[in-house]
Peer 1: 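Quick one: this structure, given as structure tokens, is what I'll be asking you about.
Quick caveat: nothing in here was measured; it's all calculated off a predicted structure.
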Amino acid sequence: MEFLNPIALLGLLALPLLLIPYLLRKKPRRFVFSSLLLFMEGGVQASSRPWGRINLPPIFFLQLLLLALLMLALSEPVFSVRPTNIAVVLDNSASMQTVEEGKTRLTLAKEAANSVIGELSATGKVDLYLTTPRLARLRAAPLAPLEAKAAVGAIDAYDLGDPPIDYDHVLSQLARERNYQRVYLITDHPGRGQTATARVITVGRAQPNLAVTAFEVHRSSLVNARLEASAKVANFSDRDANIKVILKTNGATLASRELVVGADKSATVSFEGFAEQPSYEIDLDVRDALPLDNRRFAVAPASRNLQILAVTPRPQTMMSLKSIPGIRVDVISPAEYEKSERTGYGLEIFHFSAPGVLPQNPALFILPPESHSLAKLGAPVSNVTVSSWREPHMLTRYINFSLFRPTYVRPVKPQSPGDVVIESPNGALAFATEQQGVRYLTLGFDPLPFLGRDNLPMSIFTLNFFDWFLDRGDASGQATGEPIRLGSVQPGEVLTTPAGSKIALKADLGPFSATFYQGIYQRSRGGQSELYARNLQDTSESDLRTSAPIELRGQAPSSTSASVLFSFWPYLLIASLALLLIEWFINPRMAPFGFRRSARQIG
């Protein structure tokens, strides 16, 4: 027998309290008698003890039985046979890497899984499931107990947050569809409730923790070689923390700062003027429960030598961009675009043109035709003034918009989600959007040719959008689990993971989605390499004090087990209350009757 709600059995400890009313002696009352002869012999001597003689009526034992049955019913006893077909769902999210007394939570979960599997007979069957990156079965066929233990030992935790799963629905659905007699979820989340089939086994305890929640490396501007870095540190504890933050590259220290982070607060630290390297790492010089989030990675910002592919019917206008330091421009006509090799360009500019499909490189669209998918253009307007702009934003910094007056404008009408950065009374002038990590900017005016100081507001805007494309997010990295967009793959290309594994890339592979671990991924193509940073960005995994509870609200009993008494608890409760009323109202009225009967016998 098992109890689905064993805490209700603690109510049995309160049952002896029913004796207290029967042990307490009633307060004596004064009566006047004509003679005391009736009490001289065979009379009851008044006791000097504070407790009276225990005189328990039969109704007391009936009430005691009903209350005991009520406690048993609320504890939901289940009569079941030994299961032979079970499922073990193992939480392998990032927080399972938390170290407690020399063991990770995943190790504790594996021990709990092996204990559950060990209760099966040699002919039992086990299906193993992992929760991250999504709930999925580990093996296609059921495993024997010894095979299941071996498979459990090979499971690793990913650097990913918990996926959103309604475990109450999912676990009951698994049991129903695959006829599991037991489904065990082993996690570091607290469990609330259980059913005849589903069980939640919780490992780990609440602990304080520090975490790097943001890290970015960038240039101050396109024409400035100085690099800057900033990192944000969160303190998930009730005490202030004084820590050392270290900026590294390939294991070597570039700089360090002391940082004080208040309890339950975040603080930011900055670094400036360090050497340019392919990649960077921020590290906290601290030992806490979760080492994973004490580190964060970033790749170097794009080179100042921005290689641009310009697609325009007016090539002379694009040549003016070559006067900007660090800009290299290749100009082609719109008819040549589909035949051109576009690998290696950091930006594509479409001047009075647009491709049939959005490019995989960042792209600027200047007065695109009607076929443009991101935005449509309105009717032409002359000498437009700017009415509003988004601030702070890299595209609008340092610009005096009272002097920013395009001579020819076609207001932009966005056709996809994004941000209107600059707006006029006639409509939007600049619309920015990002899709699958690639930035696109659509302009309803022509900022070219680049005239430098002869048109300072427009020249500043031109430099701003180059900086915006350069700062397209590669330096700060993306979340673990975000795919790496490979684009066209050449023969012999290899992707190296943070663990050092090398994966041969194929032309039909599509985006590389197995970015389950934090760190730097390196793509090698010929003599060149591209770096991609992936970091844990789920702060709920770093807060080890409070985890969202998993509630199992209940399901229909399975064929092999049933809670027999639970459905009767309302009737048992009503019966107990009824007996209490009977004893309260009827039993005192029987005392005079009993006294008169005794008096007649004595007489």
Side-chain angles (χ1 to χ4, degrees), residues 218-219 221-222 301-302 306-312 314 317-318 320-321 324 326-327 329 331 334 337 342 345-378 384 386 388-399 401 404 406 408-424 427-450 455 457-476 485:
H218 56 272
R219 302 183 189 278
S221 68
L222 176 67
L306 179 60
Q307 185 73 20
I308 298 175
L309 176 64
V311 185
T312 177
R314 304 178 184 180
T317 303
M318 286 294 172
S320 63
L321 295 176
I324 303 175
I327 295 293
V329 184
V331 182
Y337 177 74
R342 299 181 289 277
Y345 289 104
L347 176 64
E348 297 180 17
I349 298 179
F350 295 89
H351 189 228
F352 296 101
S353 63
V357 179
L358 287 177
Q360 295 181 350
N361 292 323
L364 168 66
F365 302 95
I366 301 174
L367 292 168
E370 292 297 327
S371 59
H372 186 43
S373 61
L374 296 179
K376 304 298 182 184
L377 300 184
V384 173
V386 174
S388 63
W389 58 91
R390 183 177 171 184
E391 195 175 60
H393 197 283
M394 191 174 291
L395 291 171
T396 61
R397 61 183 183 177
Y398 314 131
I399 299 177
F401 281 100
F404 189 87
Y408 176 84
V409 168
R410 295 189 65 184
V412 176
K413 300 178 181 179
Q415 303 296 309
S416 63
D419 296 320
V420 174
V421 183
I422 304 175
E423 194 166 11
S424 72
L429 300 181
F431 171 68
T433 185
E434 184 169 338
Q435 297 185 11
Q436 297 182 346
V438 180
R439 288 185 172 180
Y440 303 105
L441 178 63
T442 303
L443 301 180
F445 62 93
D446 191 356
L448 303 176
F450 182 78
N455 188 354
M458 196 64 70
S459 298
I460 293 175
F461 176 74
T462 302
L463 294 176
N464 282 350
F465 69 63
F466 283 141
D467 287 339
W468 184 72
F469 282 115
L470 283 171
D471 188 49
R472 60 186 180 274
D474 289 346
S476 59
R485 301 178 76 253

Peer 1: Counting C-beta onward and ignoring hydrogens, is there a side-chain heavy-atom pair between Leu441 and Phe469 closer than 4.5 Å?
Peer 2: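 A side-chain contact exists here, since the closest heavy-atom pair is under 4.5 Å.
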
Peer 1: Does a donor on one side chain sit under 3.5 Å from an acceptor on the other, for Asn464 and His393?
Peer 2: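 There is no such pair between these side chains.
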
Peer 1: Can a donor-acceptor pair be found between the side chains of His372 and Thr442 at a distance below 3.5 Å?
Peer 2: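 There is such a pair between these side chains.
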
Peer 1: Between the side chain of Thr433 and the main-chain N/O of Tyr440, is any donor-acceptor distance below 3.5 Å?
Peer 2: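 Such a contact is absent between Thr433 side chain and Tyr440 backbone.
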
Peer 1: Are Thr312 and Ile349 side-chain neighbours, meaning at least one heavy-atom pair lies under 4.5 Å?
Peer 2: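 When only atoms from C-beta onward are counted, Ile349 and Thr312 do not touch, as no gap falls below 4.5 Å.
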
Peer 1: Hey, does the side chain of Thr396 reach the backbone of Pro392 with a donor-acceptor pair shorter than 3.5 angstrom?
Peer 2: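 Between the backbone of Pro392 and the side chain of Thr396 there is no qualifying donor-acceptor contact (under 3.5 Å).
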
Peer 1: May I ask you to test the Phe401-Pro457 pair for a side-chain heavy-atom distance under 4.5 Å?
Peer 2: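 SC-SC contact between Phe401 and Pro457 ruled out.
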
Peer 1: Are any side-chain N or O atoms of Ser320 and backbone N or O atoms of Thr317, one a donor and one an acceptor, separated by less than 3.5 Å?
Peer 2: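 Yes.
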
Peer 1: Taking the six-membered ring for Trp, are Phe445 and Phe461 parallel (under 30°), tilted (30 to 60°) or perpendicular (over 60°)?
Peer 2: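 Tilted.
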
Peer 1: Is the side chain of Arg342 donor-acceptor paired with the backbone N or O of Tyr337 at a distance under 3.5 Å, no angle test?
Peer 2: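 Pair found, side chain donor or acceptor close to backbone of Tyr337.
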
Peer 1: For a 4.5 angstrom cut-off between non-hydrogen side-chain atoms, does Pro355 reach Phe365?
Peer 2: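 The answer is yes, as the side chains (C-beta and beyond) meet within the 4.5 Å cut-off.
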
Peer 1: Treating Asp419 as the side-chain partner and Val421 as the backbone partner, does any N or O pair qualify as donor plus acceptor under 3.5 Å?
Peer 2: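 Answer holds: no.
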
Peer 1: In Å, rounded to the nearest 0.5 Å, how long is the span from CG of Leu443 to CG of Leu367?
Peer 2: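 Going from CG on Leu443 over to CG on Leu367, the span is 8.0 Å.
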
Peer 1: Kindly give the heavy-atom pair with the smallest separation between Tyr345 and Leu309, and that separation in Å.
Peer 2: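 Shortest heavy-atom separation between Tyr345 and Leu309 comes out as CD2-N, 3.5 Å.
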
Peer 1: Could you tell me which non-hydrogen atom of Phe431 sits nearest to which non-hydrogen atom of Ala375, and how far apart they are?
Peer 2: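 That would be CD2-CB, 4.4 Å.
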
Peer 1: Any chance you could measure Asn455, atom CG, to Ile460, atom CD1, to the nearest 0.5 Å?
Peer 2: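 Taking CG in Asn455 and CD1 in Ile460, the distance rounds to 9.5 Å.
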
Peer 1: Which atom pair, heavy atoms only, marks the closest approach of Pro368 to Leu377?
Peer 2: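 Closest heavy-atom pair between Pro368 and Leu377: O-CD1, 3.2 Å.
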
Peer 1: Do Ile422 and Leu395 have side chains that get closer than 4.5 Å, going by heavy atoms?
Peer 2: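 The answer is no, as the side chains (C-beta and beyond) never meet within the 4.5 Å cut-off.
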
Peer 1: Going by heavy atoms in the side chains, are Phe466 and Leu347 under 4.5 Å from each other?
Peer 2: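 When only atoms from C-beta onward are counted, Leu347 and Phe466 do touch, with a gap below 4.5 Å.
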
Peer 1: Check whether any side-chain heavy atom of Met318 lies under 4.5 Å from a side-chain heavy atom of Ile308, and answer yes or no.
Peer 2: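 Sidechains of Ile308 and Met318: no contact.
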
Peer 1: Side chain to side chain contact (heavy atoms under 4.5 Å, CB included) between Phe352 and Asp446: does it pass, once the steps are laid out?
Peer 2: CA-CA 9 Å; Phe352 296 101; Asp446 191 356; 3.8 Å; yes

Peer 1: Quick check: closest heavy atoms across Leu374 and Gln435, and the distance to 0.1 Å?
Peer 2: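 Of all heavy-atom pairs spanning Leu374 and Gln435, the closest is CD2-NE2, 3.4 Å.
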
Peer 1: Looking only at heavy atoms, which two atoms of Met458 and Pro447 are closest? And how far apart?
Peer 2: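 So the minimum-distance heavy-atom pair works out to CG-O, 3.6 Å.
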
Peer 1: To the closest 0.5 Å, what do you measure between CD1 (Ile324) and CG (Leu306)?
Peer 2: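 Rounded to the nearest 0.5 Å, the CD1-CG separation comes out at 9.5 Å.
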
Peer 1: Could you go through the side chain to side chain contact (heavy atoms under 4.5 Å, CB included) check for Glu348 and Val311 one step at a time?
Peer 2: CA-CA 8 Å; Glu348 297 180 17; Val311 185; 5.8 Å; no

Peer 1: Can you find a pair of side-chain heavy atoms, one from Arg314 and one from Leu448, that are under 4.5 Å apart?
Peer 2: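 Arg314 does not reach Leu448 side chain to side chain.
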
Peer 1: Okay, side chain of Ser353, backbone of Pro334: is any donor-acceptor separation there less than 3.5 Å?
Peer 2: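 Such a contact is absent between Ser353 side chain and Pro334 backbone.
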
Peer 1: Quick one: closest heavy-atom pair of Arg410 and Gly378, and the distance?
Peer 2: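 Of all heavy-atom pairs spanning Arg410 and Gly378, the closest is NE-O, 2.8 Å.
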
